[in-house]
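One structure is given below, encoded as structure tokens.
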Amino acid sequence: MSAENKTPDPIRELLAAVLDAIDLPYDADDYDRRIAARAELAVVVARAALREDPADIAWNVDYLRAQLAAEGVRK
């Protein structure tokens, strides 16, 4: 972690995964359904990260990324 960046790496990874989840192009296939499902996942993961041991944040990040990857398979 650099001196100017005080956000711990696991938190940065979580924020990046949440941003990936909610940053869906408007012209994406089935946008409304997908953005609602992705937002729900992001909320679940963020709540879990706040509630659980900070050491488990990486698991939450991996879970969210896996769900986003699986979305492409289910299309």
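Numbers here are sequence positions counted from 1. Since this is a predicted model, take the numbers as computed values, not measurements.
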Hydrophobic clustering (ILVMFWY, side-chain heavy atoms < 4.5 Å, transitive) - are [Y] and [X] grouped together?
X   : Y   : answer
Y31 : I22 : no
W59 : L68 : yes
L15 : V44 : no

Discussion item. Once side chain to side chain donor-acceptor pair (under 3.5 Å) is applied, do any residues pair with D20, and if so which ones, sequence neighbours excluded?
Written reply: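 Here the qualifying residues are R65.
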Discussion item. Restricting to side chain to side chain donor-acceptor pair (under 3.5 Å), what partner residues turn up for E40, sequence neighbours left out?
Written reply: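 For E40 there are no side chain to side chain donor-acceptor pair (under 3.5 Å) partners, ignoring immediate neighbours.
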Discussion item. Quick check for you: to the nearest 0.5 Å, what is the distance between L64 atom CG and R38 atom CZ?
Written reply: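 Here the interatomic distance stands at 9.0 Å.
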Fill in: Separation between CD1 of I35 and CG of D30, rounded to the nearest 0.5 Å
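Those atoms lie 11.5 Å apart.
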Worksheet item: Passes side-chain contact (heavy atoms from CB on, under 4.5 Å), E52 versus N60? Steps please.
Response: CA-CA 10 Å; E52 297 168 2; N60 290 293; 3.3 Å; yes
Discussion item. Could you report the tightest heavy-atom contact between P10 and I57, atom names first, then the distance?
Written reply: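 Distance-wise, the nearest heavy atoms are O-CG2, 3.5 Å.
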